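Order of appearance sets the numbers: ligands from 1, and atoms from 1 within every ligand. Counting begins at 1 with the first residue of the sequence. For clarity, every value in this text was computed on a predicted model and none was experimentally measured.
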Amino acid sequence: MSGLFDLSGKVAIVTGGGTGIGLGIARALAGAGAALAICGRRLEVCESACDELRASGALATACRCDVTSPAEVEAMVAGVLARFGHIDILVNNAGTTGAAQECLEIDFGQWRQTLATNLDGVFLCSQAVARRMVPQQRGKIINIASIGSFLPLPMSADYSASKGGVLMLTRAMALELVRHNIQVNAICPGYVDTGFNPATTERVLAGIGRKVPAGRIGQPADLSGAAILLASPASDYMVGSSIVIDGGVMLK
Ligand code: NDP
């Protein structure tokens, strides 16, 4: 039983792993035994996450990478491979909230930026990593989607469209990559308390919490179990699945 969730000897990349949900998942994977590569645009944020992971006994390396750039993604993946020799797990977590405007107000530049980060980034990282996973005939790709993949969230046409795309990309890549023993699955969080929206105050958080059937907003650690499941041998027969972790929001 213990081997089912054991990640000893595995190497995981977490995009946007320096903060919020990504950092929570990086902590969880490190706790299960994985070595971590943490990437994002702010190297110092990734370095500080790696310092914390190393202090708890994990192997960790930081890489600067903008997931919207094919060249930077390729360099990041090549660098991780050179450092660790293999890549077993990719967590596509890097994301942006988007315009937070009604659809009539969103300008095309903002639309492109949201789609580039939330959807192109998932495609670019998945393709670059999966090309390395195919020769080893094993791998796990975990996409951080959203309840916005299923429901149109208010003032979020760009965000919801991007996350709907992530869900379908998860299924499409899962279908093609399963023959290489690469499992692609998604986690769909509800409202999670991170720095995602810097304007969010304690009062707003409490207000969101009251709307959640579970009675509170989620914390990054609420996603830890699902992340370990989807990274580990326990999910070897999960192909294109999406795990909703939202405290019951989607049931209302
Ligand atoms: P954060 O803002 O804490 O995390 C976003 C991370 O993504 C940052 O570390 C950021 O680092 C990185 N990032 C953003 N753009 C890029 C880019 N172009 N290239 C590389 N890295 C990038 O927010 P969360 O932890 O809340 O969000 C993480 C994921 O979870 C997102 O995909 C989000 O959509 C999803 N999610 C969040 C929910 C929530 O309620 N918080 C709910 C549902 C889903 P840097 O700026 O240094 O690049």
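- Note that CG of Leu43 and CD1 of Ile38 are 12.0 Å apart. Values are rounded to the nearest 0.5 Å.
- Not one N or O on the side chain of Ser160 forms a donor-acceptor pair closer than 3.5 Å with the backbone of Ala157.
- The closest donor-acceptor contact from the side chain of Asn143 to the backbone of Val184 lies at 3.5 Å or more, if one exists at all.
- Of the possible donor and acceptor atoms, none in the side chain of Ser241 sits under 3.5 Å from a partner among the backbone N and O of Met238.
- Rounding to the nearest 0.5 angstrom, the gap separating the OH atom in Tyr191 from the CD1 atom in Ile147 is 4.5 Å.
- Summarising the geometry, atom SG belonging to Cys103 is positioned 9.5 Å from atom CH2 belonging to Trp111; distances are rounded to the nearest 0.5 Å.
- Put simply, no part of Gly218 is less than 4.0 Å from ligand 1, judged by heavy atoms.
- Any N or O atom pair closer than 3.5 Å counts here, and Asn118 shares no such pair with ligand 1.
- Residue Gln136 qualifies as enclosed at atom CD: its count of foreign heavy atoms under 6.0 Å is above 12.
- In this structure, Gly121 does not count as a contact residue of ligand 1, since none of its heavy atoms falls inside 4.0 Å of the ligand.
- Under a 4.0 Å criterion applied to the non-hydrogen atoms of Gly20, ligand 1 contributes the atoms 3 (O), 25 (O).
- For Asp120, the salt bridge (Lys or Arg N to Asp or Glu O under 4.0 Å) partners two or more places apart in sequence, or in a different chain, are Arg112.
- Not a single heavy atom of Ala116 lies less than 4.0 angstrom from ligand 1.
- Every atom of ligand 1 is numbered from 1 in the order shown, and the set under 4.0 Å from a heavy atom of Gly190 is 38 (C), 40 (O), 42 (C), 43 (C).
- Residue-ligand proximity, Tyr191 to ligand 1, at heavy-atom distances under 4.0 Å covers atoms 40 (O).
- If you take CD on Gln127 and CD on Glu74, they are separated by 9.0 Å, rounding to the nearest 0.5 Å.
- Annotation for ligand 1: atoms under 4.0 Å from non-hydrogen atoms of Gly16 are 6 (C), 7 (O), 9 (O), 12 (C).
- Taking 4.0 Å as the cut-off between side-chain N and carboxylate O, Asp236 and Lys140 count as a salt-bridged pair.
- Using a 4.5 Å cut-off between side-chain heavy atoms of Ile, Leu, Val, Met, Phe, Trp and Tyr, Val239 falls into a hydrophobic cluster with Val178.
- Among the atoms of Val192, some N or O lies under 3.5 angstrom from an N or O of ligand 1.
- Among Ala145, Gly148, Cys63, Pro220, the residue whose heavy atom lies closest to atom 44 (C) of ligand 1 is Ala145.
- In terms of polar-atom proximity, Gly17 is not counted as a contact of ligand 1, lacking any N or O under 3.5 Å from an N or O of the ligand.
- Checking Gln113, Arg41, Arg42 against atom 15 (N) of ligand 1, the nearest heavy atom belongs to Arg41.
- A distance of 4.0 Å separates CD1 in Ile106 from CG in Asp158, rounded to the nearest 0.5 Å.
- When only interatomic distances are considered, the shortest N/O to N/O separation between Ile21 and ligand 1 falls below 3.5 Å.
- Nearest-residue assignment for atom 31 (C) of ligand 1 (options Leu43, Asn93, Leu23; heavy-atom criterion): Asn93.
- The shortest N/O to N/O separation between Thr68 and ligand 1 does not fall below 3.5 Å.
- Atoms of ligand 1 found under 4.0 Å from any heavy atom of Cys65, numbered from 1 in the order shown, are 19 (N), 20 (C).
- At least one heavy atom of Asp66 sits less than 4.0 Å from an atom of ligand 1.
- Residue Ser146 has no nitrogen or oxygen atom sitting less than 3.5 Å from a nitrogen or oxygen atom of ligand 1, judged on distance alone.
- The closest approach between Thr96 and ligand 1 stays at or above 4.0 Å for every heavy atom of the residue.
- In this structure, Ile144 counts as a contact residue of ligand 1, since one of its heavy atoms falls inside 4.0 Å of the ligand.
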